[in-house]
J.: 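Dropping the structure in here first, questions after.
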Amino acid sequence: MSERKLWFVWGGVFADAAWQELEPGSEQCFGPFHDADTAERIWRDEMRRRVDTAQHRLFVIEVPRPGGPAA
C-alpha cells in the first residue's frame, strides 16, 4: 500500500530575494490537507489576496503522515 501524505501551505513575507529568511511575525501556515488539490486551491486563493506584496510567497509542502504507511 502506498504511503499516506499530508500537504501544508507555508510561507510569509521574505526578508531576502533568495527566499531564505522570513520577516519576523509574517509566517503563515495552512493545513494539514489530505490531498494536493485542496492544498493547491488554498495556495492559489491566498496568493491572489496578496498579489501586491512582492516579497510574499507561499509554498505547497508535501510531508509523510505521522505513523508511516497506511494500515
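Only a predicted model underlies this, so the values are computations on that prediction, with no experimental measurement involved.
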J.: With a 4.5 Å cut-off on side-chain heavy atoms, are E23 and Q55 touching?
T.: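 They are not in side-chain contact.
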J.: Within the 4.5 Å heavy-atom criterion, are P64 and L6 side-chain neighbours or not?
T.: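 P64 does not reach L6 side chain to side chain.
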J.: Linking I/L/V/M/F/W/Y whenever any side-chain heavy atoms sit under 4.5 Å apart, do I42 and F8 land together?
T.: no
J.: Count I, L, V, M, F, W, Y as connected when their side-chain heavy atoms are under 4.5 Å apart, and connections chain through other members. Are M47 and V9 then in the same cluster?
T.: yes
J.: Can you find a pair of side-chain heavy atoms, one from F30 and one from E46, that are under 4.5 Å apart?
T.: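 F30 vs E46: side chains touch.
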J.: Cut-off 3.5 Å, side chains only: do R65 and H34 have a donor facing an acceptor?
T.: yes
J.: When you group the ILVMFWY residues by side-chain heavy-atom contacts below 4.5 Å and let the links chain together, are V60 and F33 in the same group?
T.: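 Yes, F33 connects to V60 through the hydrophobic network.
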J.: Using the benzene-type ring in the case of Trp, are the ring centres of F14 and W19 under 6.0 Å apart?
T.: yes
J.: Starting at SG of C29, measure out to CD1 of I61 and round the result to the nearest 0.5 Å.
T.: 7.0 Å
J.: Return the OG to CZ distance between S26 and R50, rounded to the nearest 0.5 Å.
T.: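 With rounding to 0.5 Å, OG (S26) is 10.5 Å from CZ (R50).
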J.: Any chance CH2 of W43 has more than 12 other-residue heavy atoms, nucleotides or ligands included, within less than 6.0 Å?
T.: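 No, because the 6.0 Å sphere around CH2 of W43 holds 12 heavy atoms or fewer from other groups.
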J.: Distance from D45 atom CG to L58 atom CG, nearest 0.5 Å?
T.: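 Separation between the atoms: 11.0 Å.
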J.: Check the pair W7, D37 against side-chain contact (heavy atoms from CB on, under 4.5 Å), reporting the backbone distance first and the verdict last.
T.: CA-CA 9 Å; W7 288 263; D37 291 339; over 6 Å; no
J.: Give a yes or no on whether a salt bridge exists between E40 and R44, defined as a side-chain N under 4.0 angstrom from a carboxylate O.
T.: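 No, this pair does not count.
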J.: Taking a hydrophobic cluster as the set of Ile, Leu, Val, Met, Phe, Trp and Tyr residues connected by side-chain heavy atoms closer than 4.5 Å, whether directly or through intermediates, do F59 and V13 fall within one such cluster?
T.: no
